[in-house]
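Numbers restart at 1 for each chain; the letters A, B, ... are given by sequence-line order, proteins then strands.
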Number of protein chains: 4
Amino acid sequence: MSRKSKRSLKEKFSLKNSMVKEALSEFLGTFVLIALGCGCVGQAVLSRGEHGGPMTVSVGFAMAVTIAVYVSGGVSGGHINPAVSLAMCVTGRLKWTKLPIYILAQLLGAFVGAAAVFGIYYSALMEFSDGKLEVTGPNATAQIFATYPAPHLSLVNGFADQVMSTAFLLLAIFAIFDTKNNSVPKGLEPIAIGLLIIVLTCSLGMNSGCAMNPARDLGPRLFTAVAGWGMEVFTAGNNWWWVPIVAPLLGAVLGAMIYVIFIEIHHSDHQSGEENEAHAKYELTNMA
Amino acid sequence: MSRKSKRSLKEKFSLKNSMVKEALSEFLGTFVLIALGCGCVGQAVLSRGEHGGPMTVSVGFAMAVTIAVYVSGGVSGGHINPAVSLAMCVTGRLKWTKLPIYILAQLLGAFVGAAAVFGIYYSALMEFSDGKLEVTGPNATAQIFATYPAPHLSLVNGFADQVMSTAFLLLAIFAIFDTKNNSVPKGLEPIAIGLLIIVLTCSLGMNSGCAMNPARDLGPRLFTAVAGWGMEVFTAGNNWWWVPIVAPLLGAVLGAMIYVIFIEIHHSDHQSGEENEAHAKYELTNMA
Amino acid sequence: MSRKSKRSLKEKFSLKNSMVKEALSEFLGTFVLIALGCGCVGQAVLSRGEHGGPMTVSVGFAMAVTIAVYVSGGVSGGHINPAVSLAMCVTGRLKWTKLPIYILAQLLGAFVGAAAVFGIYYSALMEFSDGKLEVTGPNATAQIFATYPAPHLSLVNGFADQVMSTAFLLLAIFAIFDTKNNSVPKGLEPIAIGLLIIVLTCSLGMNSGCAMNPARDLGPRLFTAVAGWGMEVFTAGNNWWWVPIVAPLLGAVLGAMIYVIFIEIHHSDHQSGEENEAHAKYELTNMA
Amino acid sequence: MSRKSKRSLKEKFSLKNSMVKEALSEFLGTFVLIALGCGCVGQAVLSRGEHGGPMTVSVGFAMAVTIAVYVSGGVSGGHINPAVSLAMCVTGRLKWTKLPIYILAQLLGAFVGAAAVFGIYYSALMEFSDGKLEVTGPNATAQIFATYPAPHLSLVNGFADQVMSTAFLLLAIFAIFDTKNNSVPKGLEPIAIGLLIIVLTCSLGMNSGCAMNPARDLGPRLFTAVAGWGMEVFTAGNNWWWVPIVAPLLGAVLGAMIYVIFIEIHHSDHQSGEENEAHAKYELTNMA
């Protein structure tokens, strides 16, 4: 075998290996996100407010995001969200060829994370509703896993809600990682993202639970369909299920674009070594 | 064309461009502040306390400020508040010629931010009050957008409240950015400012909602006047509307002065390279 | 005049100037602490729980400490508490000659801070109790300013409570600033101290409000005695007033001693330049 | 005596001294954890919700962990938990010979910490239940100290709950300290661990109080057995007491393994000086 083909083989192996690494990382990160995040909703719902409420769900889910980004940030950028990965592709921060792997890993992680919540709260779920797993009504538990629209919400308003909230998410993530802006010091970005999730759930959580993440919503929804809640998880809320998949993808690209147009393209090229900066920025923005 | 005139032209263009950049940045920052901050109030009011309360509004609004300063901090200093911009001008940290542009951008951003909250919660607003948009009474929703005084509050007390709370805001901001004091590490100032907003809303929020920001109050008030609440948004609370404009401007200058007189002018000139320090301080204080 | 006497004069002036600087700094810091901290209690009490509760008081008061330490940390160490200053003297981190000045400045700052709360909530105080300023009963408002023991609390238990809680305060402050331990990065100590206050108020706040600070308690108590609540502020709770003065002073020294005996004296002398370290430690521990 | 034997003696002494240092550090850290952490539960229980609730217990206990890690982090790694120490041994980050000393110190610290809570709240405990110290029923107070399962919880589910929650704890701790991942800056790890405890208690606290720490549970349980609650503290909840001892030990090893398999072993060896990195990582991961 010639030296050239040997090197090419190694490069091939290394690339494949890198993809496996990143897939494992996104899987584990999204698993942590859903197991701990949906666990917070579970605790508030299943204790009928005694052990949790709006504040524990908001702060708890936010810190679940923080921990999930710490787990997966260094290896795969800690996207844990197909909408984030898409925005990174659109702005040249992630290779398009990696996108399907990222999304698949995120979806699988979310599915298994939902199963973990189901396991941890199996006794509580059985007692809560006398063994019945319901999607609507006073004993509904499906909303522990996936999001459902509030009764007042029109479909157009719900779609706009998910586009806008995900746009705010990405706009802020881009600011947090923009080293030419007042970016967060390295190693603390996951905490800043957690603080961002607190405000998003406190301000935009009322309409439909603020999914902003197709994997976070579809993974647990698929799990509940299989685990005993049945196909009503798809039909409920006027067939709501597709909204938290399509709208966040649009919103993420919109938010990234708004940040680039309003802030990023106006950064002066002359300040402190453009090429190094651009490189640093790529690595950093890749992290959420 | 001579080389000299060419350079002069470039400088002119660069200056103009810098102003556009900063205006875009202040617009986007204040837009984010109002859309997410007033969104928190909206969620608490429209869910009649089920999805929010004093704690979600205080922490949520504070983190909205944090995110807004991350978005606009690097380019325009992240003032997102005419009272802050005025205090920066008075203490020589911002050019007076920039003040009108900053204020206009902030006011526009707040107006559009209020429109975003209106859009996101359109369904909820319609259901909350059967389609009526009211300024006072049990179904009032105007307080989601602008601030109104509590019934017990006298006008003098309300004016003093806004002067003092904005004075505390600026006093603390000056401390947070004072590199000769125990200042916050670069890139974390927006989080410290968020923590500051938490205490201000928890301690001084009861009288009149703690606006401390003419743009945050007037922008959304103008929007509500146009969007269906009518001119009562100006007459309510004994013509309250002008207080959160005038009092914060006075309070901001007062707070900045107190910090300078009690702390800043006493810093020793001899410690670690005065000129560099002064330069660094200018850039840093410019950031909030 | 000879060169020697001239230098001596300058030194004298400089010392005096340094004392004035530090006194102003402690005054302003303690003023901010009480105005914002007691403001949080005021908001919860005067709104009868509508705009605040245990969580807003705990988090709000803690962030008031954070901001107060940012304001006064760089110049005077941000003690804002005679018990902290005493512990710093006992462990050789503050000159004994400075102690009276520090305590006086802290006491004055607390008194004026209480007056600010009285001013900001004058309308609310008048409405709350129909103009009567009461120390006990359902319309009591004196507890906004100073602390009073819960009915169940024996005097011995109350004294022990204040000794122990202040001991925990100092023990943790010494850890936070100990550069040979895993100390907090420079500029973030005030935030760590705020987090410490959150746990102290959540865990030890029930017996008697967790004053842990003679100035924080006596200053506002003196103000209420003068401002209309009368001498009952001293007789209430079985003449409670002297406990939050004496017990914290004992507790602070106890806590500092525990930290030194259990951790500090065991640090290896050999690691990374003893003298420089010791110097750095002095400056850092001096900061809270 | 020869020079060689002298050196050997010194080494022996130094080792012994190092063990005493670390034992004192783990003792003090765990003491602080229990005194402040269980104090939060005490305040919520004994005030019957008036001075505390799910949010103050979650945030307060989390910040007790943060402070305890600051106190003991630099000297002994701030494990304050036998399950953490075991996981550090299994992954080669702590010598097996040190494990018994660590566990004993942690257990003693937790026992004395429980005694401190008992002392601080002696008056309140006596009034709460008319002098009776009960393990079950509406006036139960044993849950202030050790954890007990909710009525709905089966033993299998409870065991799984403790395995999984401790696995999440260790998985996240390993991420927070992994310098080849996006690790937390030095000196801020205790705060990140506090945020982790917030989400764990908000999401996994409902089944059995989320002990995740054999010392945190057994130490206070032994204290209550001695202090007047009697042997019912061991028989209650279907002899629950052994679950928060055995399950966390299993869970900790499981969580550490998951992190190593999914993330750590895939780190590229080539990036920035392997040996130095590995050394730095040892020291850092040793810190929690």
Side-chain angles (χ1 to χ4, degrees), chain C residues 49 53-55 57-59 62 149-158 160-161 163-165 167-168 171-186 188-189 191-192 194-207 209 258-259 261-268, chain D residues 14 17-18 20-21 24-25 27-28 32 35-44 46-47 49-53 55-57 59-75 77-78 116-117 119-128 185-191 194 287:
Chain C
M55 200 67 201
V57 172
S58 170
V59 173
H152 68 258
L153 197 68
S154 72
L155 195 68
V156 171
N157 201 156
D161 171 275
V163 170
M164 290 190 64
S165 54
F168 281 115
L171 194 165
I173 287 176
F174 271 58
I176 286 169
F177 285 95
D178 181 356
T179 53
K180 288 195 174 177
N181 201 328
N182 190 25
S183 64
V184 180
K186 176 140 181 54
L188 292 176
E189 310 93 339
I191 290 176
L195 300 178
L196 166 64
I197 303 297
I198 288 178
V199 58
L200 288 171
T201 49
C202 283
S203 70
L204 306 175
M206 193 187 121
N207 279 334
I258 291 174
Y259 186 79
I261 290 167
F262 276 75
I263 306 284
E264 200 176 287
I265 57 168
H266 306 294
H267 288 321
S268 163
Chain D
S14 162
N17 188 36
S18 147
V20 172
K21 260 168 64 176
L24 283 174
S25 169
F27 170 84
L28 189 62
V32 167
L36 297 184
C38 291
C40 293
V41 189
Q43 181 158 322
L46 296 171
S47 72
E50 210 190 316
H51 292 293
M55 200 67 200
T56 64
V57 172
V59 173
F61 214 118
M63 292 305 113
V65 174
T66 294
I67 299 303
V69 177
Y70 272 123
V71 166
S72 56
V75 174
V117 173
I120 284 169
Y121 283 132
Y122 185 76
S123 290
L125 276 165
M126 290 302 113
E127 205 201 48
F128 184 81
K186 177 140 180 55
L188 292 176
E189 310 93 340
I191 290 176
M287 252 160 233

Practice item. Under 4.5 Å heavy-atom distance to chain D, tell me which part of C/S58 shows up: side chain, backbone, both or neither. Key: neither
Exercise for review: Please name all residues satisfying ring-ring contact (aromatic ring centres under 6.0 Å, His included) with D/Y122, sequence neighbours left out, ordered by chain then number.
Suggested key: D/F118
Check your understanding: Which bit of D/A62 comes within less than 4.5 Å of chain C, counting heavy atoms only: side chain, backbone, both or neither?
Key -> neither
Check your understanding: Are any of the side-chain heavy atoms of D/L24 and C/I263 separated by less than 4.5 Å?
Key -> no
Practice item. Report the C-alpha distance between C/H152 and D/L46 in whole Å, list the side-chain angles of each, state the deciding distance to 0.1 Å, and finish with yes or no for side chain to side chain contact (heavy atoms under 4.5 Å, CB included). Key: CA-CA 11 Å; C/H152 68 258; D/L46 296 171; over 6 Å; no
Point to revise | chain C contact via D/I191 - side chain, backbone, both or neither, heavy atoms under 4.5 Å | key: side chain
Exercise for review: State the OG-CG distance between D/S72 and C/N181, to the nearest 0.5 angstrom.
Suggested key: 7.5 Å
Exercise for review: For residues D/G60 and C/C202, report the shortest heavy-atom separation together with the two atoms involved.
Suggested key: CA-CB, 4.2 Å
Exercise for review: Kindly say whether D/I120 contributes a backbone atom to a donor-acceptor pair with the side chain of C/N207 at under 3.5 angstrom?
Suggested key: yes
Exercise for review: Keeping the roles fixed (side chain from C/N157, backbone from D/S123), state whether a donor-acceptor pair exists under 3.5 Å.
Suggested key: yes
Point to revise | Under 4.5 Å from a heavy atom of chain D, the part of C/F168 involved | key: side chain
Practice item. Check step by step if side chain to side chain contact (heavy atoms under 4.5 Å, CB included) holds for C/H266 and D/V75. Key: CA-CA 9 Å; C/H266 306 294; D/V75 174; over 6 Å; no
Revision key, fill the gap. Most contact-rich option vs chain C, by heavy-atom pairs under 4.5 angstrom, among D/L36, D/V59, D/T56, is D/L36
Point to revise | Minimum side-chain heavy-atom gap D/Y121-C/M206 below 4.5 Å | key: yes
Review point. Is chain C contacted by the side chain of D/F27, its backbone, both, or neither, given a heavy-atom distance below 4.5 Å?
Key: side chain
Review point. How would you list, by chain and number, every residue that makes a side chain to side chain contact (heavy atoms under 4.5 Å, CB included) with C/L171, sequence neighbours excluded?
Key: C/I258, C/Y259, D/L28, D/V32, D/V71
Practice item. Please report the shortest heavy-atom distance between D/G187 and C/P185, naming the atom on each side. Key: O-CD, 3.6 Å
Check your understanding: Atom NE2 in D/H51, atom OG in C/S203: separation rounded to 0.5 Å?
Key -> 13.5 Å
**Study point:** Heavy-atom contact with chain D under 4.5 Å, split by part of C/T201
**Key:** backbone
Practice item. For chain C, find which of D/I67, D/T66, D/V41 contributes the most heavy-atom pairs closer than 4.5 angstrom. Key: D/I67
Revision key, fill the gap. Looking only at C/I198, C/L196, C/L200, C/D161, most heavy-atom pairs under 4.5 Å shared with chain D are made by C/L196
Review point. Given that the side chain runs from C-beta out, which part of C/L204 has a heavy atom under 4.5 Å from chain D: side chain, backbone, both or neither?
Key: both
